[in-house]
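Notes for the one structure printed next.
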Amino acid sequence: MRNRVLVLTGGGDCPGLNAVIRGVVRRSARERNWEILGSYEAFNGVLREPMELIELNKEKVSGIHVKGGTIIGTTNKGGPFAWPVKNRDGSWAAVDRSEELLRKLQYQNIDAVINIGGDGSQTISQRLFEMGLNIIGVPKTIDNDLAGTDFTFGFQTAVEIATAALDKLVTTAASHNRVMILEVMGRDAGWIALHTAVAGGAEICLIPEIPYDVEKVLKRIHERIELGRGFVNIVIAEGALPKDGTSVFREADEVGYKNKRLGGVGIMLMEQLKELDAELDIRVSILGHLQRGGAPNSFDRILATQFGVKAFEMVLERKFGEMVAYRHPKIVSVPLKEAIQHYNIIKPDDQMLHTARGLGMSFGD
Ligand code: F6P
């Protein structure tokens, strides 16, 4: 009988997911007796009746590494520990189906699972590992906030998209003598904002790790104007927040979706600034999901491919309960526990933060 590995993608989509899948399948094809299956929309494919599992072979994954999204679908709702079930009165309850999931996997003769996802997905991986499942994690997120790895795949593509957007805003800022605010993703960590601000040459960068003082942001704007440069570019992460304030979000309003929906802090900043100086000409652009879609850049294709090949090799070595990680210049494995213990946030001694401050960039602190 052939050994069976189940691959799944969970959480928000991210450029590079397909490249990981292809890496797993192609590496497995070099060994005898291995079969790779994909579960549609993370574990939903296993838990649904009838099951939605698809065979992943070399033909199926041919050329997919250049494409965005995921050929096996994804979800950031529910999951095996909190499966949404509708009550008679129309309300929703979360049911734990993890034991059933393990039984179903056993029944399908699944020897190992490769779970490609961010912190939410890897927390599920760890819990299933503790229940006895042979599982390996692959770190994905454009936010780059998973610990244990130098980079997650998808991050560099998001920075490239955000930098292209910032470059465009700079020309408008310069032509109109305006303050242009670009809001990028980054829920708990400001990596996309920081790297974009350095790449594009922004004057101000606001991130969740450093709550901003609006008076200080305004001071920096006035300094620029006094220098005879009438325009200012600000990059702000969606999770940024003012001192003594909170981030801007809507409560989750979709069934099974637990995250707060961030977005709009750029508009709040504009209003705060206008309140202090009504003469400022300010415009806000919110990049949103544009930075998560489309094809991965070459860095992310390569990193994701390396992750895929390594993940399958970890199955061969039976390194379960571990996650693939990039520790320059090596692709290694780290315990899942380590990766989900805390977020990878920007620390005060971070090298890129140091570079940005060295350029004279303000963080509103
Ligand atoms: O975790 C990645 C991320 O892109 C966050 O930066 C953002 O807040 C979130 O996903 C948005 O997710 P959704 O697609 O569910 O709106």
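FYI, the numbering just counts along the sequence from 1. Just so you know, ligand 1 is whichever comes first in the structure, and atom 1 is the first atom listed for that ligand. Just so we're clear, the structure is a prediction, and the values are computed from it rather than from any experiment.
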Self-check item: Exercise: identify the closest heavy-atom pair between Ile221 and Val179
Solution: CG2-CG2, 4.0 Å
Quiz item: Out of Lys140, Glu238, Met185, whose heavy atom sits nearest atom 8 (O) of ligand 1?
Solution: Glu238
Practice problem: May I ask you to list the atoms of ligand 1 that are less than 4.0 angstrom from any heavy atom of Ile142? | Solution: 4 (O)
Self-check item: For His289, the ligand 1 atoms whose distance to one of its heavy atoms is below 4.0 Å
Solution: 13 (P), 14 (O), 16 (O)
Self-check item: Summary of ring-ring contact (aromatic ring centres under 6.0 Å, His included) pairs that have at least one residue in residues 56-106, sequence neighbours excluded
Solution: none
Quiz item: Where is the nearest protein heavy atom to atom 15 (O) of ligand 1: which residue, which atom, and how far?
Solution: Tyr257 OH, 2.6 Å
Quiz item: Applying a strict 4.0 Å limit to heavy atoms, is Arg261 in contact with ligand 1?
Solution: no
Quiz prompt | Any side-chain donor near an acceptor of the partner, Asn115 and Ser121, under 3.5 Å | solution = no
Self-check item: Asn18 side chain vs Gly68 backbone, donor-acceptor pair below 3.5 Å
Solution: yes
Quiz item: With sequence neighbours left out, what residues match Glu271 under side-chain hydrogen bond (donor to acceptor under 3.5 Å, both in side chains)?
Solution: none
Practice problem: Provide the number and element of each atom of ligand 1 under 4.0 Å from a heavy atom of Gly186. | Solution: 6 (O)
Quiz item: At what distance is the nearest protein heavy atom to atom 2 (C) of ligand 1, and which residue and atom is it?
Solution: Asp143 OD2, 3.6 Å
Quiz item: Does the side chain of Gln122 pick up a donor-acceptor pair with the side chain of Ser125 at under 3.5 Å?
Solution: yes
Quiz item: Under 3.5 Å between some N or O of ligand 1 and some N or O of Arg292?
Solution: yes
